[in-house]
Asker: 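Before I ask anything, here is the structure I am working with.
Note that the structure is a prediction, hence the values are computed from the model and not measured.
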Amino acid sequence: QVQVVESGGGLVQAGGSLRLSCAASGNTYNTRCWGWFRQTPGKGREGVAVIYKSGGMTYYADSVKGRFTISQDNAKNTLYLQMNSLIPEDTAIYSCAGRIYCTDGSFYLGHPEVSNYWGQGTQVTVSS
């Protein structure tokens, strides 16, 4: 069983930065992809960024390319999301998720429902 816990959310002004962390514990050995996803009340869950655990290949939503960076520390079983140049439209609950059988990172980015486990999420609010 795998547990994931996010941290690092908060309130920030537009143009500011935040760094989210996701600590995973348990049997993460078979996890092939990790991802960050976000959800707002008026929209469904959308993919933000995905990274392959082995090799580190990354995929980003068009809306965050050039502003957000996903990274990982496999020794610490920790995933990160560095968010720069934040805009009010980035306001959402950000969740970390993992997928065991992940052969197409871009597919996973667009289909968060195929995740095998999720964290509880952390709120990010960007004020204008």
Asker: How close do S106 and D104 get, heavy atom to heavy atom, and via which atoms?
Answerer: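 That would be OG-OD1, 2.6 Å.
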
Asker: Going from OH on Y80 to OG on S7, what distance comes out if it is rounded to the nearest 0.5 angstrom?
Answerer: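 Reported value, rounded in 0.5 Å steps: 9.0 Å.
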
Asker: Which atom names give the shortest non-hydrogen contact between P112 and S115, and what distance separates them?
Answerer: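 For P112 and S115, the tightest heavy-atom pair comes out as O-OG, 2.9 Å.
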
Asker: Rounded to the nearest 0.5 Å, how far apart are CZ of F68 and CG of L86?
Answerer: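 Taking CZ in F68 and CG in L86, the distance rounds to 5.0 Å.
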
Asker: Looking at every heavy atom in both D62 and K65, which two are closest together, and how far apart are they?
Answerer: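 That closest heavy-atom pairing would be OD1-NZ, 3.2 Å.
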
Asker: Can you tell me how far CD of E113 sits from OH of Y108, rounded to the nearest 0.5 angstrom?
Answerer: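 Taking OH in Y108 and CD in E113, the distance rounds to 10.0 Å.
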
Asker: Just wondering, do R67 and I87 contact through their side chains at under 4.5 Å, heavy atoms?
Answerer: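 They are in side-chain contact.
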
Asker: Determine yes or no for a side-chain-to-main-chain donor-acceptor pair under 3.5 angstrom, with T40 supplying the side chain and A92 the backbone.
Answerer: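 Pair absent, no side-chain N/O of T40 close to backbone of A92.
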
Asker: Could you walk me through whether R99 and R32 pass the side chain to side chain contact (heavy atoms under 4.5 Å, CB included) test, one step at a time?
Answerer: CA-CA 6 Å; R99 175 155 173 80; R32 192 164 182 183; over 6 Å; no

Asker: Are Y101 and W34 connected in a single hydrophobic cluster, I mean Ile/Leu/Val/Met/Phe/Trp/Tyr linked by side-chain heavy atoms less than 4.5 Å apart?
Answerer: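 In one cluster with W34: Y101, yes.
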
Asker: Taking all non-hydrogen atoms of both residues into account, name the closest pair between Q123 and I93 and its distance.
Answerer: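 Answer, listing the atom of Q123 first, then I93: OE1-CG1, 3.2 Å.
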
Asker: To the nearest 0.5 Å, what is the distance between CG (L79) and NZ (K53)?
Answerer: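 Output value for this atom pair is 11.0 Å.
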
Asker: Distance from E6 atom CD to S21 atom OG, nearest 0.5 Å?
Answerer: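 Going from the CD atom of E6 to the OG atom of S21 covers 10.0 Å.
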
Asker: Count I, L, V, M, F, W, Y as connected when their side-chain heavy atoms are under 4.5 Å apart, and connections chain through other members. Are I70 and V50 then in the same cluster?
Answerer: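 No, I70 and V50 fall in different hydrophobic clusters.
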
Asker: Counting only N and O atoms by type, is there a donor-acceptor contact under 3.5 Å from the side chain of T91 to the main-chain atoms of P88?
Answerer: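 Yes, the answer is positive, given that a donor and an acceptor are paired below the 3.5 Å cut-off.
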
Asker: Around atom CD of Q120, are there more than 12 heavy atoms from other residues, nucleotides or ligands closer than 6.0 Å?
Answerer: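 Result for CD/Q120: open.
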
Asker: Assess the residue pair N30 and N116 against the criterion (side chain to side chain contact (heavy atoms under 4.5 Å, CB included)); give the C-alpha distance rounded to whole Å, side-chain angles, the decisive distance to 0.1 Å, and a yes or no.
Answerer: CA-CA 11 Å; N30 291 328; N116 294 104; over 6 Å; no

Asker: Shortest non-hydrogen contact from S95 to G121?
Answerer: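 Reported closest heavy-atom pair: OG-CA, 3.5 Å.
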
Asker: Starting from V12, can I reach M83 by hopping between I/L/V/M/F/W/Y residues whose side chains sit under 4.5 Å apart?
Answerer: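 The answer is yes; both residues are in one hydrophobic cluster.
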
Asker: Under 3.5 Å, is there a donor-acceptor pair between the side chain of R45 and the main chain of F37?
Answerer: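 A pair under 3.5 Å: no.
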
Asker: Would W36 and V4 show up in the same hydrophobic cluster when neighbours are defined by side-chain heavy atoms closer than 4.5 Å?
Answerer: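 Yes.
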
Asker: If you compare all heavy atoms of N84 against all heavy atoms of S17, which two are closest, and at what distance to 0.1 Å?
Answerer: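 In terms of heavy atoms, the two residues are closest at OD1-OG, 2.9 Å.
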
Asker: I51, I100: one ILVMFWY side-chain cluster at the under-4.5 Å cut-off?
Answerer: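 Yes.
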
Asker: Is it the case that the ring center of Y59 lies less than 6.0 angstrom away from the ring center of F107?
Answerer: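 Ring centroids of F107 and Y59 are no less than 6.0 Å from each other.
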
Asker: So does Y52 get a backbone contact from the side chain of Q72, meaning a donor-acceptor N/O pair under 3.5 Å?
Answerer: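 Confirmed, Q72 side chain pairs with Y52 backbone.
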
Asker: Starting at CG of L81, measure out to OH of Y60 and round the result to the nearest 0.5 Å.
Answerer: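 That separation rounds to 7.5 Å.
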
